[in-house]
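Shown next, in structure tokens, is the structure this report addresses.
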Amino acid sequence: MNAPAKTDEFAVQNAAVKIPDGVYAETVLSVEHYTDRLFRFRMTRPAGFRFRSGEFAMIGLMVGDKPIYRAYSIASPSWDEELEFFSIKVPEGPLTSHLQAIKPGDTVLMRKKPTGTLVLDALTPGKRLYMFSTGTGIAPFASLIRDPETYEKFEEVILTHTCREVAELKYGFDLMEEIRNHEFLAEVVGDKLKHYPTVTREDYPFQGRITDLMESGKLFTDLGVPPLNPEVDRGMICGSAAMLKDTKDLLEKAGLTEGANNKPSEFVIERAFVG
């Protein structure tokens with residue numbers, strides 16, 4: 001059973017704070033800090049909250065007497081009884097400067113309607129699915145790689161994750177370990193999932209911007225797969241503005257066409273976090 005936070009309990013504990021109408025008030029269950037820039041947390045899931053793996057939600061906190069919200073990809077899969085988020089820490093960020101200090105038992109706000117383009121429905125059928133991510137852009141893919149439907153629709157799933165430093169890759173490695181040790185996911189995923197982590201500022205076996213590794217062909221050589229082919233390959237992209245543009249250009253150069261929820265095609269981009 002889900003265990004939604006009770007807004008009235010929060011009001012008793014924080015009498016001076018009024019939760020806005022029309023939003024969920026959920027309880028933080030766990031927080032894990034990876035580096036001085038990255039952390040993940042899990043919180044209760046409202047009983048009536050439904051979403052598709054890969055979508056994002058507007059989450060927030062009461063700061064003073066006002067709520068502040070930002071778009072966050074839901075990192076947990078749609079079947080999970082809890083909600084997981086993976087966040088950057090921005091010292092002066094209107095929300096993240098406060099969010100990075102949350103502890104189990106604290107309350108996080110969430111608007112009721114999830115949305116987003118990084119969903120399986122926005123892609124036409126294919127054989128191989130690439131998930132291109134940088135930094136916290138791995139979050140929607142953390143949801144999708146833990147969803148059995150992904151492996152029903154694709155024979156091979158390739159998750160790329162590029163960060164500046166090796167320590168920033170740990171969340172991705174934790175996801176792989178979680179899948180390997182999960183009672184039913186391990187069997188569903190089998191050997192269909194490949195993880196390709198790279199860094200740009202430290203020595204590492206796989207080094208460089210993912211777009212450079214695509215252009216040089218090293219990505220495909222390392223993975224033992226042929227170059228991009230619009231007949232079989234599909235793509236999802238989430239990361240910085242420059243990475244989105246450069247990866248989109250490479251996919252289009254290979255003959256893939258951008259799709260959307262209302263017009264499925266060969267690749268999709270999440271632009272909600274850029275600006």
Side-chain angles (χ1 to χ4, degrees), residues 1-4 26 28-32 34 38-47 49-57 72-87 114 116-123 125-163 168-198 206 222-225 232-239 268 270:
M1 291 289 292
N2 298 330
E26 298 304 309
V28 176
L29 300 173
S30 64
V31 183
E32 181 174 1
Y34 284 94
L38 299 170
F39 71 106
R40 79 158 147 179
F41 66 94
R42 293 180 71 85
M43 68 184 197
T44 53
R45 176 176 176 170
F49 183 67
R50 300 288 178 265
F51 69 97
R52 294 179 295 174
S53 294
E55 288 189 316
F56 67 86
Y72 270 77
S73 288
I74 303 169
S76 45
S78 59
W79 54 262
D80 201 326
E81 292 186 355
E82 300 173 359
L83 296 177
E84 179 177 313
F85 298 92
F86 184 48
S87 177
T117 56
L118 297 181
V119 292
L120 296 173
D121 293 343
L123 295 174
K127 174 183 175 183
R128 185 181 299 112
L129 175 59
Y130 285 91
M131 300 174 176
F132 299 103
S133 70
T134 56
T136 54
I138 193 176
F141 305 140
S143 175
L144 285 157
I145 63 172
R146 290 183 281 182
D147 191 326
E149 186 184 357
T150 303
Y151 304 96
E152 293 170 6
K153 292 194 170 185
F154 294 94
E155 298 175 22
E156 190 172 10
V157 178
I158 296 170
L159 171 65
T160 81
H161 188 209
T162 302
C163 295
E168 296 174 341
L169 296 172
K170 189 176 186 302
Y171 179 61
F173 284 106
D174 284 355
L175 292 172
M176 298 303 124
E177 187 69 14
E178 179 182 325
I179 290 170
R180 280 192 291 269
N181 293 323
H182 196 277
E183 57 182 344
F184 78 83
L185 275 182
E187 184 175 347
V188 169
V189 176
D191 60 358
K192 287 186 171 185
L193 176 62
K194 292 183 178 179
H195 179 210
Y196 190 81
T198 78
F206 301 102
D222 288 343
L223 292 169
V225 297
V232 297
D233 291 321
R234 301 294 175 262
M236 293 178 159
I237 314 170
C238 192
V268 286
E270 185 56 80

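Just so you know, residue 1 is the first one in the sequence shown, and it goes up from there. Because only heavy atoms are used, hydrogens play no part in the values below, and waters and symmetry mates are left out as well, while side chains stay in.
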Before you tell me yes or no, could you show the steps for E26 and M43 under side chain to side chain contact (heavy atoms under 4.5 Å, CB included), namely the whole-Å CA-CA distance, both residues' side-chain angles and the distance that decides it to 0.1 Å?
CA-CA 6 Å; E26 298 304 309; M43 68 184 197; 4.0 Å; yes
List the steps, then state whether side chain to side chain contact (heavy atoms under 4.5 Å, CB included) holds for I145 with V189.
CA-CA 8 Å; I145 63 172; V189 176; over 6 Å; no
With a 3.5 Å distance limit and no angle check, can you tell me whether K194 reaches the backbone of L223 through a side-chain donor-acceptor pair?
yes
If the condition is salt bridge (charged side-chain N to carboxylate O under 4.0 Å, His left out), which residues does E177 pass it with, not counting sequence neighbours?
R180
To the nearest 0.5 Å, how far apart are NZ in K153 and CG in L120?
5.0 Å
Using modelled atom types and a 3.5 Å cut-off, is there a donor and acceptor pairing between side-chain atoms of K192 and backbone atoms of E156?
no
Minimum heavy-atom distance V119-G54, with the two atoms named:
CG1-C, 4.5 Å
T44 side chain reached by L83 side chain, heavy atoms, under 4.5 Å:
no
Look up atom SG in C238 and atom CG in L144, then write down how far apart they are to the nearest 0.5 Å.
10.5 Å
Which residues satisfy the side-chain hydrogen bond (donor to acceptor under 3.5 Å, both in side chains) test with K170, sequence neighbours excluded?
D174
Non-hydrogen atoms of R146 and P77 that approach each other most closely:
O-CB, 3.6 Å
Value rounded to 0.5 Å, distance of CD1 in I74 from CG in D80:
11.0 Å
Nearest 0.5 angstrom please: E152 CD to D147 CG, how far?
8.0 Å
List the residues meeting ring pair (Phe, Tyr, Trp, His ring centres under 6.0 Å) with F141, not counting sequence neighbours, and say none if there are none.
none
Strictly distance-based, threshold 3.5 Å: is any side-chain N or O of S143 a donor or acceptor partner for the main-chain N or O of S76?
yes
Y34 vs R40, side chain to side chain donor-acceptor pair (under 3.5 Å): CA-CA, chis, key distance, verdict:
CA-CA 8 Å; Y34 284 94; R40 79 158 147 179; 3.1 Å; yes
Near-ring test F49/F51, centroid separation under 6.0 angstrom:
yes
Ring centres under 6.0 angstrom apart (H161, Y171)
no
side-chain hydrogen bond (donor to acceptor under 3.5 Å, both in side chains) partners for Y196, two or more places apart
D222
With sequence neighbours excluded, what pairs up with D121 under the side-chain hydrogen bond (donor to acceptor under 3.5 Å, both in side chains) test?
R52
Can you name the closest pair of heavy atoms from L185 and W79 and give their distance?
CD1-CZ2, 4.0 Å
Between the side chains of T134 and T162, does any donor sit under 3.5 Å from an acceptor?
no
Spacing of F86 atom CZ and S133 atom OG [to the nearest 0.5 Å]:
9.5 Å
So which heavy atom on P148 is nearest to which on F184, and how close?
CG-CE1, 3.9 Å
Run the side chain to side chain contact (heavy atoms under 4.5 Å, CB included) test on I158 and L129 for me, step by step, so that the C-alpha distance in whole Å, both residues' side-chain angles and the decisive distance to 0.1 Å come before the verdict.
CA-CA 6 Å; I158 296 170; L129 175 59; over 6 Å; no
Apply side chain to side chain contact (heavy atoms under 4.5 Å, CB included) to residues Y130 and R234 and explain how you reach the verdict.
CA-CA 6 Å; Y130 285 91; R234 301 294 175 262; over 6 Å; no
Taking NZ, NE, NH1 and NH2 as the nitrogens, is one of them in E84 or R42 under 4.0 Å from a carboxylate oxygen of the other?
yes
Residues passing the side-chain hydrogen bond (donor to acceptor under 3.5 Å, both in side chains) test with S87, sequence neighbours excluded, are Y72
What is the distance from atom CG of L159 to atom CD1 of I138, rounded to the nearest 0.5 Å?
4.5 Å
Please name the pair of heavy atoms, one in S78 and one in S53, separated by the smallest distance, quoted to 0.1 Å.
N-OG, 3.0 Å
Non-hydrogen atoms of R50 and R45 that approach each other most closely:
CA-NH2, 4.0 Å
Geometric class of the F41/F39 ring pair [parallel <30°, tilted 30-60°, perpendicular >60°]
parallel
Is E155 paired with R128 through a side-chain N to carboxylate O contact shorter than 4.0 Å?
no
